[in-house]
Amino acid sequence: MNILHVSAECFPVAKVGGLADVVGALPKYQTLMGHEAKVVMPMHKTNFLFKNEWEVVHKSQVISDGQIHIFTIIKALNHELGFELFCVDVHGLLDREKVYGYDDDPFRYLIFQLAVLEWLKKWEFIPDVVHVHDHHAGLIPFLMKHGYDFVRLKQIKTILTIHNAQYQGWMSKDNLKYFPAWDEWKTGMLFWRDQINSLACAVKCADRVSTVSPTYMKQLSFESNGLEDLFLQEFHKCKGIINGIDEEVWDPATDKHLPVHFQKNKIQPGKKQNKQLLCEHFGFDAELPLFVFIGRMVDDKGGDILPFAIEQAFRLHQSKMNVIVLGSGNPEIEKAFAALAEHHPQHYRLSISYNEPLSHRLYASADFLLMPSRVEPCGLNQLYALRYGTIPIVRRTGGLNDTVVDFGDAGGFGICFNQSTVEDIIHSINRALDLFGRKREMNALRKKMMNINHGWHESAKEYLELYQQ
Ligand code: GLC
């Protein structure tokens, strides 16, 4: 099958969150399964762009509201990705350092999508499916079906995968002037509650819709930032497929970022040495339990309550624990995490950054990973933790609910709680500290979790079934 993925992010080219990891891995596994999977994304100015060689494969233009936007499609000559990667450059619009966060984001991503379609209609590669990810590519199914300029693409099937429905790509009506001519009978498809809504439009127009876990799929019908009715209506074509992880990038037996490697049949010595080295680096006592949080510092991830929970846990346990926090996000939340460093210099470290190598070392060294998410469509960090023998402490929501079983339940190995509250987090930290004292049990849990398979194989097959439908 010929598959074209369209996404704003793709690891290792440009990563903000888990979307990049999925788009960097799924096509690779689809290629290994004998399909032809390719990825197209905007040309962000990242290290990957400068460190790799590229070939120009297409040059053309998009005309939007009378303005001409020249675009160039470049192809990566790097063969290590495991699939063909294309980037779209529109000078001044897409060639910027950040993936998101500019005032003109809606316009930038509209022009990106129009450029992809302009190219696709002339390209000799004809995909069987165009697989769009999140709202940044959400207008593509509409334009392919109802845009007069893209009739050649009308018969190609489209699938939308939702990685996060909190963000929907809203635009005011005035922006319609930037769209190329479409069948006006279909204008309603673009709208949700009086605004152009790219995600809602994709849910309506794509042939199939998936999201990244079965629990999140169910949750979308009663909690999806205003789209609840839409999901109820379109339920028949929606499916939850849990994400896999890239088992080559995330393998404690070969991980290039780890000072010491370890395997699931011999976990203890390797994990201990990694922890020892990391604790020495941060000036921590390695005998104490080590908790980590890795992720975006936003409310959705529980970032607003976690600093308070950590503060109280330090007080309750007279600092008999160490905590390392890695991530960035909302400035207020960053400040709250930073304040902890002043009060607990012996037991707390904070790195406000995106640091892939450090994150690998944290998964390998920590005893517990904290994920108090309010919204977690799938969550990959808990899967990385499981593969590295680190016990995840998670709130039962979305994909966390589908992948972590509490150690108190049959077959369990993690720590789960129900509410996004300081109290629930502290209660879970208390349970973790208790468990830490029972070394044998801890080791048995580690072994159990490292034996679970979260590779892409099964999920890639489910996507294929969806394409075949
Ligand atoms: C988004 C979601 C996360 C999911 C990831 C990949 O970042 O917030 O839960 O794992 O996408 O699908």
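Note that ligands are numbered from 1 as they come in the structure, with each ligand's atoms numbered from 1 the same way.
Tyr467 and His131 have their aromatic ring centers within a separation under 6.0 angstrom.
Side-chain atoms of Asn78 and Asn52 include a donor-acceptor pair closer than 3.5 Å. Looking at Asn274 and Ser365, their side chains never bring a donor and an acceptor atom within 3.5 Å of each other.
Residue pairs meeting the side chain to side chain donor-acceptor pair (under 3.5 Å) criterion with at least one member in residues 216-230, sequence neighbours excluded, are Gln219-Thr397.
For ligand 1, the atoms sitting less than 4.0 Å from at least one non-hydrogen atom of Val212 are 12 (O), numbered in the order shown with element in parentheses. Heavy-atom proximity to Val22, at under 4.0 Å, picks out these atoms of ligand 1: 6 (C), 12 (O). Per-residue contacts place Leu380 under 4.0 angstrom from the following atoms of ligand 1 (heavy atoms of the residue considered): 10 (O).
His163 approaches Pro377 most closely through the heavy-atom pair O-CG, 3.0 Å.
The cationic atom of Arg396 (NZ for Lys, CZ for Arg) does not lie both less than 6.0 Å from the six-membered ring centre of Phe417 and within 45° of the ring axis.
Contact annotation for Asn164 and ligand 1: only side-chain heavy atoms (C-beta onward) come within less than 4.0 Å of the ligand. Contact annotation: for Asp21 versus ligand 1, there are no heavy atoms closer than 4.0 Å.
Within the 4.0 Å heavy-atom shell around ligand 1 one finds Lys301. Between Gly379 and ligand 1 there is a heavy-atom distance shorter than 4.0 Å.
Looking at Gly17, Gly398, Gly18 and measuring to atom 5 (C) of ligand 1, the nearest heavy atom belongs to Gly18.
Annotation: Cys378 places an N or O atom under 3.5 Å from an N or O atom of ligand 1; distance criterion only.
Side-chain contact between Tyr463 and Ile241 is present, with at least one heavy-atom pair separated by less than 4.5 Å.
Within 6.0 Å of atom NE2 in His35, more than 12 heavy atoms from other residues, nucleotides or ligands are found, so the atom counts as buried in its surroundings.
Closest to atom 1 (C) of ligand 1 among all protein heavy atoms lies His163 O, 3.3 Å. The protein non-hydrogen atom at the shortest distance from atom 9 (O) of ligand 1 is Glu376 OE2, 2.5 Å.
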